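Since we're looking at a predicted model, the values are computed, not measured. Values below: all heavy atoms of this structure, side chains included; hydrogens, waters and symmetry mates excluded. In what follows, chains are A, B, ... by sequence order, proteins preceding strands, each numbered from 1.
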Amino acid sequence: MSKVETEQKIILPDGSSRTFESGETASDLAKSISQGLFRKAVGCLINGEIRDLYTLLSDGDQVKILTAEDSQSLELLRHSTAHIMAQAVQRLFLGAKIAIGPTIEDGFYYDFDIPGHSLSLEDLALIEAEMKKIVAENQRLVRYSIPDVDRQLDDFRKQGEKFKAELLEEHRNDNPTLYLMQDKDSKVVWNDLCRGPHLPATGLVKAFKLLKVSGSYWRGDEKREQLQRIYATAWWKADDLEAYLKRLEEAERRDHRRLSKQLDLFSVHEEVGPGLIFWHPNLATVRATIEDFWRDVHRKRGYQFVFTPHIASEQLYEISGHLQSYGENMYSAMDIDGAPYRCKPMNCPGHIMIYKSKLRSYRDLPVRFAELGTVYRYERSGVLHGMLRVRGFTQDDSHIFCTPEQLESEITGFLDLVDLMMRTFGYTYKAYLATRPEKYLGSDEEWEFATGKLEAALKSRNLDYEIDPGGGVFYAPKIDIKLFDAIGREWQGPTVQVDLNLPKRFDVNYIGEDGQRHQAIMVHRAVLGSMERFCGGLIEHYAGAFPTWLAPTQVAVLPISDRHHEYARSIQEKLKEGGFRSRLDERAETINYRIREAQMEQIPYMLVVGDREVASNEVAVRHRRDESKKKEMGLESFLALLCAEVNEKT
RNA sequence: GCCGACGUAGCUCAGUGGUAGAGCAACGGUUUCGUAAACCGUAGGUCGCGGGUUCGAAUCCCAUCGUCGGCUCCA
């Protein structure tokens with residue numbers, strides 16, 4: 001073999017290249033670049049793929065050395081920390097078997113089968129302590145190709161590692177690898193079936209924390225073994241960990257269930273049943289205000305409002321197919337005069353009934369029916385969550401019936417509406433085009449047509465979107481929109497679906513220009529989703545401090561002492577006349593006390609009135625957050641300011 | 001539904017086998033105050049519900065309901 005053949009050219013991120021003898025690793029490359037890089041190196045990207053630092057390089061590879069500075073390296077860190085955790089658990093709990101331990105957003109988890117022991121929060125501290133020992137031991141993580149799969153399977157089975165055995169069996173033809181964890185004498189102290197990649201050694205792990213334990217199922221299948229899962233997080237720097245924990249705290253501070261108690265927003269009752277929400281006056285005010293806005297916006301866009309019954313004969317859901325395909329989420333039948341009736345789980349069949357109540361001409365289309373329609377769906381008890389996951393909720397549901405030619409502009413119009421609504425509430429968003437899933441109804445042509453129109457609408461609005469391949473529902477391609485709230489969390493947002501099923505089942509049609517019947521296109525769409533989820537999300541988005549246009553109480557009028565009551569009443573009277581929601585607090589508490597209470601209730605404006613204001617015929621304005629808005633002014637000026645703020649919805 | 005934790009006054013929580021407690025809120029009184037908690041007093045709980053162990057249970061056990069953290073898709 002000539003020397004030339006063993007030489008390899010490696011391309012670096014800046015486009016420059018280096019030449020090596022074969023048998024060099026990414027670590028060697030780092031060393032050749034600089035000592036500093038060599039010391040900081042934790043892994044590498046080879047041709048865009050994240051790999052171990054000790055991966056052998058091949059001719060023509062594009063290589064980037066990863067350090068803690070690179071965001072991708074967090075994946076390495078977390079995955080390796082997962083192995084450290086698994087090793088710690090097996091050290092502490094004899095007989096514990098390991099399942100899988102992937103990285104997830106902001107952390108990782110590992111699933112275990114620990115016969116005879118239930119993990120508790122106290123155990124987490126023990127496991128953390130054991131993990132620190134493993135870090136201190138600075139074990140090396142070494143990739144090891146399994147030479148003899150059957151022998152390894154045998155080993156796993158002897159050790160009782162049946163989950164690993166199952167995985168290996170499945171991957172036997174994918175060049176399966178183990179990661180060996182070796183002590184300083186290169187003795188293998190632990191191993192795990194793993195695709196990698198990993199950090200070179202455990203000593204690099206600095207900041208981690210185990211967060212919670214939970215149940216899970218092997219392979220996510222509830223018919224299989226129940227496992228115990230530990231969730232944890234890991235970061236390169238203690239400061240990053242600290243910041244992450246702060247973020248979790250912030251999320252907890254914003255929790256809508258917690259804020260509900262503080263601000264008197266909603267309740268659920270054992271006597272009534274879980275997942276059924278009672279809206280207290282404060283939150284009902286917010287909702288009613290949103291609904292008024294919603295109606296206004298829809299009216300302006302040519303929607304017509306409808307109302308449909310909350311129960312219907314089973315026949316309806318037989319025709320729609322809900323009974324067959326959605327039956328397990330529907331409440332059981334009630335007997336009405338010998339016929340089975342059901343609570344409505346969806347509004348679409350009802351809207352179709354209205355559409356079909358007369359013959360429709362192409363001249364009538366598009367028809368846009370909108371309803372704040374309350375539906376009831378069975379959700380398993382374990383998944384219920386405050387207002388965000390409930391059993392009875394009101395959807396801002398609409399169904400558009402149109403011709404194929406109108407489809408694209410209907411979707412464009414919807415995207416425009418979404419933009420208006422989301423900007424109003426201060427959410428940023430991102431669109432996903434969900435395409436045909438594996439199991440589907442309808443023809444390929446129909447799917448292609450509908451998906452094409454959805455995509456064309458996204459393009460014509462210049463919207464950034466991602467394709468979610470196979471993410472459509474079995475009867476419809478759709479656009480899902482995800483929202484990002486004030487602290488960057490993602491929420492399920494608006495959605496639009498082109499139904500390829502119901503128009504056929506119900507024979508939804510119109511008379512075309514040609515005098516013939518044509519099947520109508522039916523679009524489902526929701527902007528807010530459900531009032532329950534949306535309002536629950538808004539509480540967290542605003543951390544309970546609703547903007548003035550939504551605030552349950554917009555102004556608190558606070559007279560300093562009894563002799564100012566009369567003046568304060570006249571102020572409140574004028575606020576009322578102006579259509580504002582105000583409260584006069586005449587209690588004999590100190591002014592500080594009443595200000596504090598108004599602050600804690602997140603009332604946007606406080607008007608303090610005392611001798612000075614009575615004399616000058618003004619009000620002393622205090623804003624709940626903005627010190628700069630603190631000043632005295634005439635009531636008319638304040639009303640103007642308030643009016644502008646409400647109209648602008650800021 | 002499953003795994004785990006939890007359930008004490010309106011709220012937040014203390015009390016782990018021996019007479020149910022605190023702070024805030026509520027109520028009564030005093031205070032009339034200038035931008036985030038005045039003072040004094042009163043009342044409030046079959047300790048989620050049901051069973052069991054015990055001389056004795058908020059406390060230990062069982063069952064049940066609910067809540068919370070997760071487990072699968074989703075409004």
Side-chain angles (χ1 to χ4, degrees), chain A residues 109 111 113-114 117-123 211-231 252 255 257-258 260-262 264 267-275 326 328-329 345-347 373-386 388-397 437 471 473 478 480 491-495 497 524 526 528-534 556 558-565 586-601 606-613 620-624 627 630 632:
Chain A
Y109 66 79
D111 283 345
D113 179 26
I114 310 176
H117 182 80
S118 294
L119 288 173
S120 66
L121 286 157
E122 291 85 78
D123 293 329
L211 298 171
K212 52 198 173 193
V213 289
S214 87
S216 66
Y217 299 98
W218 173 233
R219 322 217 94 176
D221 182 348
E222 55 192 74
K223 289 181 195 74
R224 304 205 56 183
E225 293 88 339
Q226 174 107 38
L227 305 172
Q228 301 188 61
R229 174 172 299 178
I230 303 176
Y231 283 93
E252 203 173 318
D255 190 303
R257 294 161 303 185
R258 175 197 172 101
S260 169
K261 280 184 181 153
Q262 198 181 317
D264 193 12
S267 56
V268 289
H269 302 269
E270 205 168 326
E271 307 89 305
V272 178
Y326 199 72
E328 60 195 36
N329 291 298
M346 294 198 187
N347 299 304
T374 304
V375 295
Y376 292 90
R377 299 181 184 174
Y378 173 71
E379 297 280 3
R380 296 195 295 177
S381 61
V383 304
L384 299 173
H385 181 93
L388 302 180
R389 192 70 182 265
V390 295
R391 285 178 171 165
F393 55 96
T394 300
Q395 288 179 297
D396 73 310
D397 210 358
V473 231
K478 60 176 177 174
D480 274 332
W491 296 80
Q492 172 78 27
T495 179
Q497 314 177 346
H524 307 250
L528 307 178
S530 83
M531 296 314 292
E532 282 73 9
R533 178 179 284 183
F534 189 75
L558 309 174
I560 300 253
S561 73
D562 290 355
R563 63 180 177 279
H564 312 118
H565 284 186
E586 290 183 320
R587 289 175 303 169
E589 303 289 350
T590 62
I591 188 67
N592 278 341
Y593 180 93
R594 286 173 289 152
I595 286 172
R596 177 166 192 271
E597 204 167 88
Q599 278 293 146
M600 302 225 294
E601 281 179 58
M606 284 148 262
L607 299 183
V608 178
V609 293
D611 289 337
R612 294 204 294 271
E613 288 70 29
V621 178
R622 177 193 165 101
H623 186 265
R624 65 182 166 198
E627 278 288 316
K630 192 162 141 185
E632 282 93 67

Visitor: When you measure only distances, ignoring hydrogens and angles, does the side chain of A:Asn592 come within 3.5 Å of the base of B:U35 through a donor and an acceptor?
Guide: no
Visitor: Let me know the distance between CD1 of A:Ile560 and P of B:A36, rounded to the nearest Å.
Guide: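 From A:Ile560 CD1 to B:A36 P: 12 Å.
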Visitor: Measure from the side-chain heavy atoms of A:Arg563 and tell me the nearest of B:U32, B:A26, B:A75.
Guide: B:U32
Visitor: At less than 4.0 Å, is any side-chain N or O atom of A:Lys630 found next to OP1 or OP2 of B:U35? Yes or no.
Guide: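 For A:Lys630, the contact criterion (side-chain N or O under 4.0 Å from OP1 or OP2 of B:U35) is not met.
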Visitor: Under 4.0 Å between any heavy atoms, over every strand shown, what does A:Gln395 touch: base, sugar-phosphate, or nothing? Just pick one.
Guide: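 A:Gln395: backbone/sugar contact only, no base atoms under 4.0 Å.
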Visitor: From NZ of A:Lys223 over to C1' of B:G1, roughly how many Å is that when rounded to an integer?
Guide: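 To the nearest whole Å, that distance equals 11 Å.
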Visitor: Could you please name the partner base of B:G18, counting Watson-Crick and G-U wobble pairs only when both distances are under 3.5 Å?
Guide: B:C55
Visitor: Along nucleotides 61-71 of chain B, 5' to 3', which nucleotides get a B, which get an S, and which get a -, given that the test is a protein heavy-atom distance under 4.0 Å?
Guide: ----BSSSBBB
Visitor: For A:Leu388, answer base if it contacts any base atom (sugar-phosphate contacts may also be present), sugar-phosphate if it contacts only those atoms, and nothing otherwise; contact means non-hydrogen atoms under 4.0 Å.
Guide: base
Visitor: Looking only at side-chain atoms of A:Ser561, point me to the closest of B:A75, B:U32, B:U35.
Guide: B:U32
Visitor: Ignoring the backbone of A:Ser530, work out which of B:A36, B:A75, B:C11 is nearest its side chain.
Guide: B:A75
Visitor: Using a strict 4.0 Å threshold on nitrogen-to-oxygen distance, state whether A:Glu601 and A:Arg596 make a salt bridge.
Guide: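 Here A:Glu601 does not pair with A:Arg596 in a salt bridge, since their nearest N and O are not under 4.0 Å apart.
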Visitor: Does A:Arg377 make a side-chain donor-acceptor contact with the base of B:C74, cut-off 3.5 Å?
Guide: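 Per atom types, no contact qualifies.
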Visitor: If B:A43 has a Watson-Crick or G-U wobble mate with both distances under 3.5 Å, name it; if not, just say none.
Guide: none
Visitor: Nearest-Å distance, CD (A:Glu597) to C1' (B:A26)?
Guide: 12 Å
Visitor: Is the backbone of A:Ala620 close enough, under 3.5 Å, to the side chain of A:Glu632 for a donor and an acceptor to pair up by distance?
Guide: no
Visitor: Would you say the base of B:G34 and the side-chain of A:Glu613 have a donor-acceptor pair closer than 3.5 Å?
Guide: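 Under the 3.5 Å cut-off, the side chain and the base do form a donor-acceptor pair.
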Visitor: Does any N or O in the side chain of A:Arg594 come within less than 3.5 Å of the main-chain N or O of A:Glu589, such that one atom is a donor and the other an acceptor?
Guide: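 Pair found, side chain donor or acceptor close to backbone of A:Glu589.
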